[in-house]
Amino acid sequence: MDSILVRGGGELNGVIPIAGAKNACLTLMPATLLTEEPLTLTNAPRLSDIRTMTQLLQSLGAEVSALQGGKVLAMSSHDIHNHTADYDIVRKMRASILVLGPMLARDGHAVVSLPGGCAIGARPVDLHLKALEAMGADLDLRDGYVHAKAPGGRLKGAVVEFPIVSVGATENALLAATLAKGTTVLKNAAREPEIVDLAQCLRRMGAQIEGEGTSTITIQGVDRLGGGTHPVVTDRIELGTYMLAPAICGGEVECLGGRLDLVGAFAEKLDEAGVSVTETERGLKVARKNGRVKAVNVTTEPFPGFPTDLQAQMMALLCTADGTSVLEEKIFENRFMHAPELIRMGAKVDVHGGHATVTGVEKLRGAPVMATDLRASVSLILAGLAAEGETVVSRVYHLDRGYEHVEDKLGACGAKIERIKG
Ligand code: UD1
């Protein structure tokens, strides 16, 4: 297993290009199942999660070709001969559940393995299933699989009110509703930029959708969808992660392709902490020039609130802030597993239930640490860049699920970082 070696202490200065969003790409790819015509995604990120979704779609009979080094995904689903998403693939990645809605909408039946447990909490899929049931699906849960059928071969429009905001359940329902008979209204829908991107792509394919980006989305089902070409939206989590690099280490980094509307609540917190964020013609420029950052309190919330996927990285910053910060995690239980690793590096963090109190120290010290999930692993790299001495982050396969070329991107800004093949 590979690990990442970081020698901390230096400022970071330079330019980092931000890739297309992993989470958008993972919901755009299953949209190919809704049409027999080709669907092409440009600006795709080159990540192991995207390769897992590729394998899953191929196992169903879709053709998926990664072109231009993986930046373009050319997909065609004219022959879907298998309607079972197997446990062996689904267990690797929860987003696999997103093939359920489209397969059911297209052919009236699908069998999808239930995703297994996950390091950051229970993460059930009940809301996905309830939405599809409201649209007329008969669901039978047996042997670890959801066996789904649409009576008469077609889902029907429905009013679906989500009890809590769920990105994945909103996506599954939105995908399914495009081909359902009649009108579907999704209430208390997620408003994330990835949902807006999905709706825009589906509209290019001929879907009739209104209200994406608000909490009520209305979909008028159509009889068939066509293909198209769609650019994947910028990855706001990768963007936020690299915005934190100069905030933690000092220096100035311009994130190419960055947009304030993607990271509004997060950029406000950086500003409160004393880090400057400015819009440029090419993206966002982030600089920290005047000593330590100030402590700030952070609560994770659905978009447009502060994203849970930036909580671990923000904690790395606050470990060296002047004062005491409280981080409240409201989306996932058990998402502070980076805290004990940061403590190994000299951080003062006290986790109590859904809160973490972080008392800033002047300097972190390098240490061997272990990545527990995707965002935790990058938070340890950021902390290592700010620490005195060497940090070795092991189990970086988590990192490769969500960050392409992390060593090259940070290395180009002066970071001393290398991958140790293991
Ligand atoms: C997506 C993102 C993930 C991000 C999360 C929250 C992808 C591939 N992943 O995950 O990176 O951290 O949004 O922004 O896009 N819940 C239920 N029942 C369900 C579904 C969800 O109780 O059927 C709960 C979850 O346990 C969680 C909350 O709802 O507490 C929000 O989860 P959700 O928005 O669904 O997250 P994902 O779509 O899995």
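Starting from 1, each residue takes its place in the sequence as its number. Basis for what follows: all heavy atoms, side chains included, without hydrogens, waters or symmetry-related copies. Whatever order the structure lists them in is the order used to number ligands and atoms, beginning at 1. As the structure is a prediction and not an experimental result, all values here were calculated from the model.
Remark: R236 engages E194 in a salt bridge, criterion side-chain N to carboxylate O under 4.0 Å. By the 4.0 Å N-to-carboxylate-O rule, E329 lies too far from R335 to be salt-bridged with it. Between E272 and K269 there is a salt bridge, since a side-chain N of the basic residue sits under 4.0 Å from a carboxylate O of the acidic one. Using a 4.0 Å cut-off between charged side-chain N and carboxylate O, D400 and R419 make a salt bridge. Ion pairing of R203 with E212 is present here, as a side-chain N (NZ or NE/NH1/NH2) and a carboxylate O approach within less than 4.0 Å.
When the heavy atoms of L98, I331, I164 are ranked by distance to atom 27 (C) of ligand 1, first place goes to I331. The closest heavy-atom contact to atom 8 (C) of ligand 1, among the options T300, N23, I237, D126, comes from N23. Nearest-residue assignment for atom 31 (C) of ligand 1 (options V165, L310, V167; heavy-atom criterion): V165.
Within the listing of ligand 1, atoms 35 (O), 38 (O) sit less than 4.0 angstrom from a heavy atom of G168. Near R335, meaning under 4.0 Å from any of its heavy atoms, are these atoms of ligand 1: 12 (O). Close contacts of ligand 1 with R94, meaning ligand atoms under 4.0 Å from a residue heavy atom, involve 39 (O). For ligand 1, the atoms sitting less than 4.0 Å from at least one non-hydrogen atom of T308 are 6 (C), 12 (O), 14 (O), numbered in the order shown with element in parentheses. For ligand 1, the atoms lying closer than 4.0 Å to a non-hydrogen atom of H128 are 23 (O).
Partners of Q208 according to the side-chain contact (heavy atoms from CB on, under 4.5 Å) rule, which considers only residues two or more places apart in sequence or in another chain, are Q220, V222.
Not a single heavy atom of A169 sits less than 4.0 Å from an atom of ligand 1. Heavy-atom separations between E329 and ligand 1 are all 4.0 Å or longer.
Minimum interatomic distance between K22 and G402 (heavy atoms only, all atoms of both residues): CD-CA, 3.9 Å.
Pairs engaging residues 30-42 under the side chain to side chain donor-acceptor pair (under 3.5 Å) rule: T32-S77, E37-R224 [sequence neighbours left out].
Taking any N or O of K22, backbone or side chain, none lies under 3.5 Å from an N or O belonging to ligand 1. Ligand 1 has an N or O atom lying under 3.5 Å from an N or O atom of D309, backbone or side chain.
Of all the heavy atoms of L127, the ones lying under 4.0 Å from any atom of ligand 1 are found in both the backbone and the side chain.
Under the side chain to side chain contact (heavy atoms under 4.5 Å, CB included) test applied with I219, the options L202, L174, L175 reduce to a single match, L174.
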